[in-house]
Amino acid sequence: MRFIIQRDLLIESIQHVMKAISSRVTIPILTGIKIEATQEGIKLTGSDSDISIESFIPKEEYGLEHVEGIEEGSVVVQAKYFPDIIRKLPLKTVELITDDQYKVTIKSGGAEFHLNGQDAVEYPHLPKLHTDNSFELKNDLLKDLIKQTVFAVSTVETRPILTGVNMIIEEEHLDFVATDSHRLASRKIPLNLNNENISFKNVVIPGKSLIELNKIIEDNEETITISVTENQILFQTKNLYFLSRLLDGNYPETSRLIPEQSKTIVHTKTKTLLQAIDRASLLAKENRNNVVKLQTKSNNEIEISSNTPEVGQVNEDVTTESIEGEDLKISFSAKYMIDALKIIEEDHVKIEFTGAMRPFIIRPIDNEHILQLILPVRTY
Amino acid sequence: MSKVIFLVDMQSFYASIEKAANPSYQNKPLIVSGDPERRSGIILAACPLAKQSGIKTAEALWEAKNKCPEAVVVRPRMQLYIDVSYQITKILEQFTDCIEVYSIDEQFIDVTGSQNLFGTPQQIAKKIQQAIFEDVGIKARVGIGPNKVLAKMACDAFAKKSPDEIFQLNQDNLAEKLWPLPIGELFGVGRRMEKHLEKMGLHTIGNLANHPVKWLQKRWGINGELLWRTANGIDESPVTPSTHQEQKAVGHHMTLPRDYQKLDEIKVIILELAEEVARRARTHHYIGHTVSVQVKGSDFQVRTGFNRQKKLASPTHFDMDIYQVALQLFQKHWDGLPVRGIGITLSQLEKAEIHQLSLFDDPLEKIKLNETMDVIYQKYGPTAIVRASSLMTAGQAHIRAGKIGGHDKGEGL
């Protein structure tokens with residue numbers, strides 16, 4: 001194998017595949033990066049067997065030549081050293097040459113490295129997905145879906161299924177749902193499907209996979225193709241192939257947990273509320289649960305307060321746009337509230353309460369597609 | 001001025017109480033033993049007369065009877081012993097207000113400030129012995145030192161053997177008295193540690209005291225340094241009136257009446273323990289983040305069993321939450337061999353001030369149910385309501401209700 005490549009493109013590709021590489025894997029060769037050179041271009045692969053990522057650098061693109069002098073071949077290099085070497089090389093281009101002992105020579109300017117590699121034949125084959133269960137989405141929309149839900153997945157393994165995001169396609173809508181059982185985040189978008197038959201309910205994507213995917217895909221209007229099989233999901237763009245395992249088990253039915261009626265409805269400015277909660281939580285951070293109290297008052301005001309006896313207390317009256325229904329006094333985790341309000345881009349939110357011991361719902365006004373649900377805490 | 005700390009220790013505490021309570025036993029060898037029909041049928045205490053015949057605490061009752069057939073055997077009355085221990089604390093309060101109850105029959109007291117009132121340390125110690133003997137009829141031994149560690153070793157290694165049952169250790173006589181003793185006599189050295197130290201050539205307390213502390217630190221970390229300090233009589237810890245200020249864990253352990261082999265029977269016990277732990281956590285208003293399970297196998301030679309723990313998704317003080325996790329842990333780690341004892345502990349406690357509600361189980365129902373049960377327990381005792389499973393042969397709830405620390409509760413003072 002031999003080629004000369006633009007160094008910045010190689011660095012970007014390495015950064016992508018590194019997202020899948022872990023030093024704690026059962027198959028030792030997976031600690032390496034696989035490099036394949038063909039006449040079309042260079043392909044890098046990284047995998048920890050839960051997530052596999054392929055990044056492709058085409059020989060030519062938009063009339064620009066990215067790679068020259070390609071002699072076909074492949075090798076696996078050690079991910080511990082290879083990325084740093086490439087990053088610190090002196091010139092804009094770098095030349096890679098392998099010999100029959102899988103030794104990789106890396107040249108750039110006067111610098112020359114000889115790095116031991118491994119036979120690429122030893123590297124496991126990534127499964128090729130054969131499925132008609134595919135649909136397309138714009139990059140930026142997928143990033144929104146991830147950002148607005150993934151923070152709510154569970155971080156403890158008590159119920160492993162809750163560490164994933166539930167992806168549902170039903171009635172021409174795509175819905176992402178995540179919950180750690182104390183709060184729930186859901187984002188829905190309408191979907192124009194070419195394939196009428198596509199529909200699934202129990203697809204659960206590991207939260208970690210989505211977080212990594214979100215780092216890699218660019219925030220633009222290009223299209224990403226999503227294909228789903230029994231136990232894997234593939235996200236594919238022109239030069240990227242991101243494959244993740246799906247979580248086993250049944251995701252709990254969440255739609256019936258969302259209250260349909262409410263007793264108290266508060267309309268308020270998103271930022272105003274977010275900042276007040278954030279201030280109140282400054283003192284609440286001391287106690288492990290970070291609890292703040294919300295109380296409705298007259299004149300469309302709500303009082304946000306927090307009391308940590310060892311530290312001190314804070315009260316703040318927030319003027320809202322309107323308060324309808326019963327008076328209310330409720331305590332909840334400031335962190336959950338901040339998480340929920342942060343992902344809402346709209347200026348105004350509607351909060352629907354059904355009593356101090358029942359879950360409450362936060363939605364942007366005029367956008368039924370975003371839903372944040374929080375369970376209160378009971379104070380003694 | 002250096003401090004004056006006493007360790008006041010009761011001679012054969014349980015046996016002495018029984019003898020004081022029943023003068024006709026005064027000149028007979030007496031032993032306090034658990035129920036011979038059950039696992040707890042071991043010698044809990046033996047009076048000095050009985051000990052002369054070679055009886056040792058913790059041996060089986062039948063072994064003790066072989067050695068001394070004429071011994072009077074009495075069953076323990078745990079509540080009485082707790083009451084007497086408290087009575088002794090009250091006596092000690094006449095001499096100082098700085099008392100740390102160390103165990104049921106040992107109490108640390110700081111008499112530094114009492115010397116102007118009651119005389120020299122030797123004189124105070126004598127007065128304390130007299131007061132205790134007159135009030136409860138029990139002989140007390142007093143170890144005197146400038147700190148707790150030396151007081152404790154003065155008592156264990158010397159006061160118990162000296163005629164007036166008082167002994168003082170301090171930096172002046174440390175090297176002469178304490179250092180020649182074998183390493184096993186050092187406070188904090190168990191049987192296993194004794195072997196390790198002997199392998200390093202440290203046979204006496206003096207050997208250890210003069211061993212470079214950094215090598216000990218390297219091998220045992222902070223514990224190595226602690227042992228070295230103990231051997232040199234260095235101890236900064238004050239006598240703290242209540243050592244149990246912040247509780248760290250709530251746990252219960254049960255030695256079973258026979259070895260349990262079937263999972264179904266063990267489940268009954270795990271549930272009973274989970275209930276007890278949960279109930280106690282609730283009474284003290286704690287919730288805990290971690291559940292651990294300790295299992296002792298039946299074979300003493302091959303130490304089987306395990307101690308495993310798991311962190312919960314959210315803190316709890318409810319029996320079923322604890323039970324589920326404890327059972328999971330048990331099933332995951334149990335080797336299937338007969339089980340002699342099981343313990344369950346709830347740790348990483350915090351005050352139960354708030355409870356984060358959850359989507360998938362209705363905690364409100366659970367909270368109300370448990371609050372109601374707690375009221376019933378408080379009013380009618382721990383067996384007013386028990387689970388049906390506790391009525392099966394494997395159940396122990398009713399038997400345990402009459403016990404303290406696994407032994408008969410008896411009548412108190």
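All chains are named by letter (A, B, ...) in the order of the sequence lines, taking the proteins before the strands, and each is independently numbered beginning at 1.
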Can I get a per-line list of side-chain donor-acceptor pairs under 3.5 Å for residues 174-182 of chain A, giving both atom names and the distance, sequence neighbours left out?
{"from": "A:Asp175", "atom 1": "OD1", "to": "A:Ser186", "atom 2": "OG", "distance (Å)": "3.3"}
{"from": "A:Thr179", "atom 1": "OG1", "to": "A:Ser181", "atom 2": "N", "distance (Å)": "2.9"}
{"from": "A:Thr179", "atom 1": "OG1", "to": "A:Arg183", "atom 2": "O", "distance (Å)": "2.7"}
{"from": "A:Asp180", "atom 1": "OD1", "to": "A:His182", "atom 2": "N", "distance (Å)": "2.9"}
{"from": "A:Asp180", "atom 1": "OD1", "to": "A:Arg183", "atom 2": "N", "distance (Å)": "3.1"}
{"from": "A:Asp180", "atom 1": "OD2", "to": "A:Arg183", "atom 2": "NE", "distance (Å)": "3.1"}
{"from": "A:His182", "atom 1": "ND1", "to": "B:Leu357", "atom 2": "O", "distance (Å)": "3.2"}

**Item:** Top contributor to chain B interface from A:Arg358, A:Arg378, A:Met357 [non-hydrogen pairs under 4.5 Å]
**Value:**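 Of the options given, most contacts go to A:Arg378.
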**Message:** As an exercise: rank A:Thr379, A:Leu184, A:Val156 by heavy-atom pairs under 4.5 Å with chain B and give me the winner.
**Reply:**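 Max contact count across the listed options: A:Thr379.
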Tell me if the [atom1] atom of [X] is crowded by more than 12 foreign heavy atoms within 6.0 Å.
X: A:Arg279; atom1: CZ; answer: yes
X: B:Asp335; atom1: CG; answer: yes
X: B:Glu365; atom1: CD; answer: no

**Message:** Could you go through A:Leu375 and B:Gln356, starting from their C-alpha distance and side-chain angles, then the distance that decides it, and tell me whether this counts as side-chain contact (heavy atoms from CB on, under 4.5 Å)?
**Reply:** CA-CA 7 Å; A:Leu375 275 290; B:Gln356 170 68 54; 3.6 Å; yes
**Item:** Result of checking A:Leu373, A:Leu162, A:Thr254 against B:Leu359 for side-chain contact (heavy atoms from CB on, under 4.5 Å)
**Value:**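 Checked A:Leu373, A:Leu162, A:Thr254 against B:Leu359; only one passes side-chain contact (heavy atoms from CB on, under 4.5 Å): A:Leu373.
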**Request:** Please test B:Phe360 against A:Arg159 for side-chain contact (heavy atoms from CB on, under 4.5 Å), starting from the C-alpha separation and ending with a verdict.
**Result:** CA-CA 11 Å; B:Phe360 301 113; A:Arg159 284 181 76 172; 3.4 Å; yes
**Per-residue contact mode, B:Glu371 against chain A (heavy atom under 4.5 angstrom)** = side chain
**Asked** With sequence neighbours left out, which residue pairs that include part of residues 373-387 of chain B fulfil the side-chain hydrogen bond (donor to acceptor under 3.5 Å, both in side chains) condition?
**Response**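 side-chain hydrogen bond (donor to acceptor under 3.5 Å, both in side chains) check on residues 373-387 of chain B returns B:Glu275-B:Arg387, B:Arg282-B:Asp374, B:Asp319-B:Arg387.
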